[in-house]
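Down below is the structure, laid out as structure tokens.
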2 protein chains.
Amino acid sequence: MTGHVTMKDVARRVGCSSAVVSTVVNGARGNTVVGAAMRERVLGVAAELGYRTNFASRSLVRRRTRTLGVYIPSSPWAGLGYAYDDTILRGVEAASRKHGYDLLLIGLSGNQDPKTCLDKFAERRIDGLILIHAEGETPWVGELLARGCNVVAADYSGPEVGLDAMVFDNRAVSRVAVEHLAGLGHRQIGFIGSCRLSPNRDSVLRQQGFLQVTAEMGLEVPPEWVFDQRLLGRPLAPDADLCQIEGRAAAQHIVTLGQRGPTAWLAYCDLVAGIMLPVLRGGGVAVPGQISLMGVDDSDWCRMVDPPLTSVGHPLVDMGSRAVDQLVARIEAGPTETAGPRSGLRIVFPPTVVAKASTASV
Amino acid sequence: MTGHVTMKDVARRVGCSSAVVSTVVNGARGNTVVGAAMRERVLGVAAELGYRTNFASRSLVRRRTRTLGVYIPSSPWAGLGYAYDDTILRGVEAASRKHGYDLLLIGLSGNQDPKTCLDKFAERRIDGLILIHAEGETPWVGELLARGCNVVAADYSGPEVGLDAMVFDNRAVSRVAVEHLAGLGHRQIGFIGSCRLSPNRDSVLRQQGFLQVTAEMGLEVPPEWVFDQRLLGRPLAPDADLCQIEGRAAAQHIVTLGQRGPTAWLAYCDLVAGIMLPVLRGGGVAVPGQISLMGVDDSDWCRMVDPPLTSVGHPLVDMGSRAVDQLVARIEAGPTETAGPRSGLRIVFPPTVVAKASTASV
DNA sequence: TTGAAAGCGCTAACAT
DNA sequence: ATGTTAGCGCTTTCAA
């Protein structure tokens with residue numbers, strides 16, 4: 001720990017200049033500029049001495065750190081743990097590794113000031129930034145872009161702001177879900193939307209998608225088959241246990257509807273659907289015997305509940321990996337080619353139904 | 001992005017040397033060495049120009065990066081997602097922030113070569129390393145220690161190897177669980193252990209703890225009240241869905257025991273307990289009506305299952321934070337004081353019962 | 001093919 | 001109180 005081995009040490013031992021060591025160690029000029037004998041000796045001594053390039057030093061002169069920042073903005077998700085964002089992070093990690101980049105954790109919990117991202121760029125601590133699950137309405141993103149920072153969002157659901165983004169097709173969520181249910185023979189399908197004061201974009205898009213696809217398919221959806229703020233009577237202020245309230249109320253609503261209700265329901269997220277399950281059972285509504293129920297997110301615990309919950313899954317790991325691929329491409333393409341306001345790349349990822357036991361034929 | 005502002009730029013603009021800028025910016029010598037007027041001007045110009053210290057440069061000269069590595073070794077947990085480790089990570093994040101350290105993600109998924117940790121130290125990329133949920137039997141940890149690297153483990157369950165570690169009292173898990181059940185009047189308590197070929201240390205300790213505490217309390221535990229490999233008949237090779245097999249088999253065993261079985265069971269982890277729930281219901285065993293059941297880990301989804309699962313929780317966030325506190329203390333205490341084989345610090349964290357609805361009075 | 005030298009941007013003695 | 005200087009360890013022209 002005390003005496004770290006430097007290039008000079010290696011050079012002295014070999015009896016050459018440190019420039020030669022540098023050339024060899026970096027495999028510069030296609031390994032063609034330094035004599036084979038010398039190369040061998042340098043490599044040998046370097047290994048013997050346990051030489052490792054000093055990171056700070058190299059970054060200083062190269063003006064590159066081969067490090068990517070990762071930032072998860074605070075979100076109103078308030079879901080069950082952090083599994084969602086963390087799954088994206090796994091994809092990010094795998095791809096970074098593949099490209100030989102390191103990851104600097106700028107903010108995981110969402111309670112870190114986004115300005116920190118700007119700082120890390122200004123300090124030349126990172127070459128690029130991955131934004132996980134950003135929702136937009138973030139002026140600091142504009143600031144980043146304006147400064148020409150390399151940023152790519154994984155699972156972005158905000159407005160077009162010139163940001164490269166991997167986006168999940170939240171409207172298609174409802175499409176594939178409804179198609180799944182229709183495929184099981186259901187013609188009467190209801191939707192459980194968010195009852196929040198300011199629902200996140202994901203849930204809004206899913207609800208819009210639901211109304212759209214049912215209309216296209218000619219399925220009638222009376223107002224009382226869409227459970228949201230309207231039916232709840234009051235919008236809910238942000239709080240940790242909102243899904244509990246939403247789920248219980250929705251389930252109660254279904255129990256009350258009885259025979260007049262749909263034969264299948266899609267909840268805007270797993271959590272709400274999962275909470276409904278025991279309440280439905282308690283109310284004498286069998287799932288999937290009397291109604292089919294499905295959620296969205298394909299959370300890990302879907303197989304833990306009874307019955308295991310059919311859900312719509314996201315290619316989260318993929319979105320993370322592809323975001324990094326794109327970011328690295330940008331970084332290695334060299335300094336900002338396009339100075340003006342560019343329009344961001346968008347890659348859309350499709351949802352997939354993961355059928356389990358909570359949905360069945362009518 | 002092109003022209004980054006350096007100290008020289010600030011100095012030129014102010015009309016002083018860059019040494020003055022450095023002193024001011026770093027608040028060196030207790031802000032007492034530079035004149036107040038000069039100080040103001042420097043600060044003003046620095047702000048105006050948007051000056052930020054170059055990280056590589058500073059690290060190079062300071063020989064400190066104010067960065068902590070985070071590494072999660074691969075583990076046979078194969079549980080439900082990564083919520084467990086990630087929760088520790090949140091604690092690590094919070095504490096790092098508090099101390100003004102950044103976090104470098106060396107390995108999250110457990111499929112990153114541990115040697116990478118050594119490399120990061122050798123490249124002087126990190127000042128210290130946090131090991132999350134390490135199980136020991138890791139020769140590379142010895143290597144790290146031998147080189148005098150600063151390492152602290154959060155939730156360590158391996159043998160004493162001179163590593164500073166935050167450890168969870170896995171034996172006490174069973175103690176508090178049994179006490180909880182006894183408090184509800186249960187005198188006949190069974191245990192569901194791991195059926196794996198090589199069970200992880202956590203589960204082994206929990207089982208040992210169970211046998212010990214029941215003995216101490218004078219509770220009789222006939223062999224068929226401890227479900228493990230013996231009763232299953234075959235040890236299970238590592239696989240993703242082991243908990244499924246364990247849970248189903250255990251539940252089946254309980255159904256078969258009928259009246260001859262205990263009135264309460266403790267499963268070595270939530271996942272197994274959660275899987276048992278529907279099987280028990282299917283077998284006509286009411287929880288908590290006929291038997292009480294509890295798990296360990298207090299996973300997020302415990303409240304999702306029916307009935308919500310009573311469990312034993314860990315102070316995971318705390319363990320993460322305290323690990324960082326200790327690591328930072330070590331780092332800032334200066335270079336390795338103790339050269340010889342030191343004995344690592346151990347801070348033991350107690351478990352807590354988180355009562356929900358799956359346990360009730362006899 | 002190899003070496004000398006000039007920085008990268010900052011810090012910390014040491015001078016003034 | 002402020003400036004000068006000598007590096008930190010590496011990369012990269014440019015000479016030899």
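Only this structure's heavy atoms are used, side chains among them; waters, hydrogens and symmetry mates stay out. Predicted model, so just to flag it, every value in this text is computed and none were measured.
- A/T53 comes within contact range of the sugar-phosphate backbone alone, with a heavy-atom separation under 4.0 Å but no base atom that close.
- In summary, A/E135 and A/R201 do not engage in a salt bridge, as defined by a charged side-chain N under 4.0 Å from a carboxylate O.
- DNA chain D is contacted by both B/S57 and B/S17; B/S17 maps to the nucleotide lying nearer its 5′ end (nearest heavy atom per residue).
- Salt bridge status for B/E332 with B/R66: present, with a side-chain N to carboxylate O gap under 4.0 Å.
- Using modelled atom types and a 3.5 Å distance limit, the side chains of A/D155 and A/Y84 yield a donor-acceptor pair.
- Note: CZ (A/R58) to C1' (C/dG9) measures 18 Å, nearest angstrom.
- Among the protein residues, A/S22 comes within range of the nucleic acid bases, having at least one heavy atom under 4.0 Å from a base atom.
- OP1 and OP2 of C/dC8 both lie 4.0 Å or more from every side-chain N or O belonging to A/R124.
- In this structure, the CD atom of B/E123 is 11 Å from the P atom of D/dC10, given to the nearest Å.
- Candidate nucleotides C/dG3, D/dG9, D/dT4 were compared by shortest atom distance to the side chain of B/A19, and D/dT4 ranks first.
- Straight-line distance from the CE atom of A/M7 to the C1' atom of D/dC8: 14 Å, rounded to whole Å.
- A/N54 has its CG atom 18 Å from the P atom of D/dG7, to the nearest Å.
- Between A/R346 and A/D164 there is no salt bridge, since none of the side-chain N atoms of the basic residue sits less than 4.0 Å from a carboxylate O of the acidic one.
- Atom CZ of A/R64 is separated from atom C1' of D/dT12 by 17 Å (rounded to the nearest Å).
- Residues A/D86 and B/R90 are paired through a salt bridge, judged by an N-O separation under 4.0 Å between the basic side chain and the carboxylate.
- The side chain of B/V61 approaches C/dG9 more closely than any other nucleotide in the set D/dT11, C/dT2, C/dG9.
- C/dC8 atom P lies 21 Å from atom CZ of B/R62, rounded to whole Å.
- Between the CG atom of A/N26 and the C1' atom of D/dT12 there is a distance of 11 Å, rounded to whole Å.
- The interatomic distance linking B/L60 (CG) with C/dG7 (C1') rounds to 12 Å, in whole Å.
- Counting any heavy atom pair closer than 4.0 Å across all strands shown, B/Y51 reaches sugar-phosphate atoms only and no base atom.
- Phosphate contact (OP1/OP2 of D/dG9, side-chain N/O of B/R63, threshold under 4.0 Å): present.
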